[in-house]
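Beneath this line is the structure, given in structure tokens, with notes to follow.
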Amino acid sequence: MSDHATTAPAPLPPAAAGPPPPPPGGRPLTATLVRLKLSLLRNGLRQSSGRRAAYIASAVVSLLFAALLVLGLVALRGHPYAPTVTLSLTAALALGWAVMPLFFPSGDETLDPTRLVMLPLRPEPLVRSLLVASLVGLGPFFTLCLLTGSLVALAQGWAAAAVAIPAGVLALLVCVALARAVAAANTRLLTSRKGRDLAVLSGLIIAVGAQLVNFAVQRIGSAGGLSQLDPAVAVLRWIPPVSALSSVAEAGRGQWGQALAQLVLTVAALGLLLLWWRRSLTKLMTAPDGSTLGAAEGPARKNRADRASRLTLFSYALAPAGRERERERTAAVIERSLRYMWRDPKTKAAWITSLAIGLIVPVFNAVQGSGSVYLACFAAGMLGVQMYNQFGQDTSAFWMVALTISSARDAYVELRARALALLTVTLPYATLVTVLTAALLGAWTELPEALGLSYALLGAMTATGAWASARYAYSIPQEGNKNVAPGQAGLAWISVLGGMVAGAALCLPLLGLQIGLHVGGAHGWLWVMLPAGIGCGVLLAYAGLRVAAPRTAGRLPEILGAVSRG
């Protein structure tokens, strides 16, 4: 026998019932996602002072607008039309929460469920945690301000004030849950090829519907005031989250039965939205999709090749004369840009929305008899926005373009080709909209002026868009439902809005010429607005491309880092 005593291993404890306890030091999922969201926002702002300034500026503008809106709603307290205004505004707010996450820049990585597919998370705690994380941000704070002002305007008496607290919380939760449920249900729609095309159609329908609502509001305002909204408000007060605010007004009038019914209806709607969200998350994280299926072979490939050949010849014919290498590069860039417009879902969505709204605004006003031929410039403005963030649509593939840019001349040829690709669509479309508007109004004498202003505006926005693409580049994520990478939303808004203001300012000399001809009574010389507008547009576009080219060549690493975040 050995001198050393042999110690038998200790028996294992019996298995405990239920799930294993969390590891020591582990944080709850809700706190983790909230901290993750704050960290992503903080780290995004640390990358550059320009991005930080853009975010702060957009936040200040949003907060000022929210403060003014709250003051206006509080001033409605006791007014007979206060319920009509507040309930209609809440309905519009809920509609915005439903559609904005799909078609406008918003959200962050913590709200994209596809980022969490590989994590061992259960649906119930995930929905709860994502809901809490969704309450952090400028959007929820703006909504809270609007709801607070609406509740102050509606609450009459202590009983209504007591109901206002849970009603406001329920309304906010319904708005956020609606946005997240719709986003989760449409994630596959936006990431699949055919589904993205359907999403483009949905975006077009929403854009058209928004304009229809705008014209309906104008007609109501000219036909009899807010009393025209009473039948619609009578229906909206029973639709969540409007029903939550309506319960406050009913409680103030002593209608406790209706107030309780509307609160219960809001709670039921919140439960159904959370259930829908949970089922969408479960399906998203467990069901396969067809994104990896191969493309069909056969005649379709030959047709695509034929279309590509025709597109190559078309773009080569558009390329300006010059050295052979630059001519070939111009043709290739034009073809690539046109393919992005047609095949990239998010680029296509932006183009279709701009084309639709650019036509609807002047034509609908002309049909109603209240428009002007100069509203056709709205089409040029909407299409000119597509020149902004030219490198963002390339995402991380921009590095292949950056490798071909070694001088300001290379950058100029690249930007010129992209501008030519846009003008192949924007120039004839702006002309068509202007002529159609003039025909509907019978304002043929004003057609040269409107065309000249449209062409000048296109040239100005081409110039400012090229400069903004080099100075304020941002990423367009290819996955999920976001059009701007986290932390870059303020940068995107400042780029587009600032560029539009600068483009309009560049057209002021031409506008001054038009006003001078009208004031001086030289109506016979107004035809010169057309050649003057063409010359002004060409000059502005050329100067803008020349100014943006050296900046693009000098900031290639920064641009590549900015557009590769998505």
Pairs under 3.5 angstrom only: tabulate donor-acceptor contacts from the side chains of residues 234-244 to other protein residues two or more places apart or in another chain.
| unit_1 | atom_1 | unit_2 | atom_2 | d |
| --- | --- | --- | --- | --- |
| Arg237 | NH1 | Ser246 | OG | 2.8 |
| Arg237 | NH1 | Glu250 | OE2 | 3.4 |
| Ser243 | OG | Thr266 | OG1 | 2.7 |

Considering only heavy atoms from C-beta outward, does the side chain of Val433 approach that of Pro362 to under 4.5 Å? yes
Which atom pairs, one a donor and one an acceptor, fall under 3.5 Å between side chains of residues 371-381 and the rest of the protein, sequence neighbours left out?
| unit_1 | atom_1 | unit_2 | atom_2 | d |
| --- | --- | --- | --- | --- |
| Ser372 | OG | Tyr374 | N | 3.2 |
| Tyr374 | OH | Glu449 | OE1 | 2.8 |
| Tyr374 | OH | Gln514 | NE2 | 3.2 |

Expected list for residues 59-78: side-chain donor-acceptor pairs under 3.5 angstrom, two or more places apart:
| unit_1 | atom_1 | unit_2 | atom_2 | d |
| --- | --- | --- | --- | --- |
| Ser62 | OG | Ser58 | O | 2.9 |
| Arg77 | NH1 | Val152 | O | 2.7 |
| Arg77 | NH1 | Ala155 | O | 2.5 |
| Arg77 | NH2 | Ala155 | O | 3.1 |

Under the side chain to side chain contact (heavy atoms under 4.5 Å, CB included) rule, what do Arg555 and Arg471 come out as? Steps first, then yes or no, please. CA-CA 8 Å; Arg555 298 189 74 252; Arg471 180 61 181 85; 4.2 Å; yes
Which heavy atom of Ile559 sits nearest to which heavy atom of Phe398, and what is that distance? CG2-CE2, 3.7 Å
Side chains of Leu420 and Thr424 in contact at under 4.5 Å (non-hydrogen atoms): no
Nearest heavy-atom neighbours spanning Val176 and Ser134: CG1-CB, 3.3 Å
Test item: Tyr429 side-chain N/O and Leu355 main-chain N/O as donor-acceptor pair under 3.5 Å: yes
Only counting residues at least two apart or in another chain, list the ones meeting side chain to side chain contact (heavy atoms under 4.5 Å, CB included) with Thr426. Trp351, Leu383, Leu423, Leu458
Answer yes or no: is there a side-chain heavy-atom contact under 4.5 Å between Tyr472 and Asn389? no
Minimal non-hydrogen separation, Ser469 against Ala473, with atom names: O-CB, 3.4 Å
Please test His518 against Leu526 for side chain to side chain contact (heavy atoms under 4.5 Å, CB included), starting from the C-alpha separation and ending with a verdict. CA-CA 8 Å; His518 277 281; Leu526 288 174; 3.6 Å; yes
Enumerate, atom names and distances included, each donor-acceptor pair closer than 3.5 Å involving a side-chain atom of residues 531-548, sequence neighbours excluded.
| unit_1 | atom_1 | unit_2 | atom_2 | d |
| --- | --- | --- | --- | --- |
| Tyr542 | OH | Arg546 | NE | 3.1 |
| Tyr542 | OH | Arg546 | NH2 | 3.4 |

Heavy-atom distance under 4.5 Å between the side chains of His79 and Val85, does that happen here? no
Going by an N to O cut-off under 4.0 Å, is there a salt bridge joining Arg336 and Glu414? yes
Could you give the distance from CG (Leu510) to CE (Met529), rounded to the nearest 0.5 Å? 3.5 Å
Measuring only between side-chain heavy atoms, which start at C-beta, is Trp444 closer than 4.5 Å to Val435? yes
Is the shortest side-chain heavy-atom distance between Ser88 and Val233 below 4.5 Å? yes
Identify the heavy atoms of Met461 and Gly384 that sit nearest to each other, and give their distance. CE-C, 3.9 Å
Shortest non-hydrogen pair, Ala430 vs Thr434, comes out as O-OG1, 2.7 Å
Spacing of CG belonging to Leu447 relative to CG belonging to Leu530, to within rounding of 0.5 Å: 8.0 Å
Between OG1 on residue Thr143 and CG on residue Leu138, distance to nearest 0.5 Å: 10.5 Å
Leu422 vs Ser337, test: side chain to side chain contact (heavy atoms under 4.5 Å, CB included). Steps then yes/no. CA-CA 8 Å; Leu422 264 68; Ser337 299; 5.5 Å; no
Any side-chain donor paired with an acceptor under 3.5 Å for Thr552 and Tyr412? no
Report the residues that fulfil side chain to side chain contact (heavy atoms under 4.5 Å, CB included) with Leu151, sequence neighbours left out, ordered by chain and then residue number. Ala164, Leu245, Val248
Crowded around Phe141 CZ? As in, over 12 foreign heavy atoms under 6.0 Å? no
Run the numbers on Gln390 and Arg418 for side chain to side chain contact (heavy atoms under 4.5 Å, CB included), then give the verdict. CA-CA 8 Å; Gln390 276 294 299; Arg418 291 177 184 248; 3.4 Å; yes
Which atoms form the tightest heavy-atom contact between Ala179 and Trp97, and what is the distance? CB-O, 3.1 Å
Is any side-chain heavy atom of Leu415 closer than 4.5 Å to one of Phe391? yes
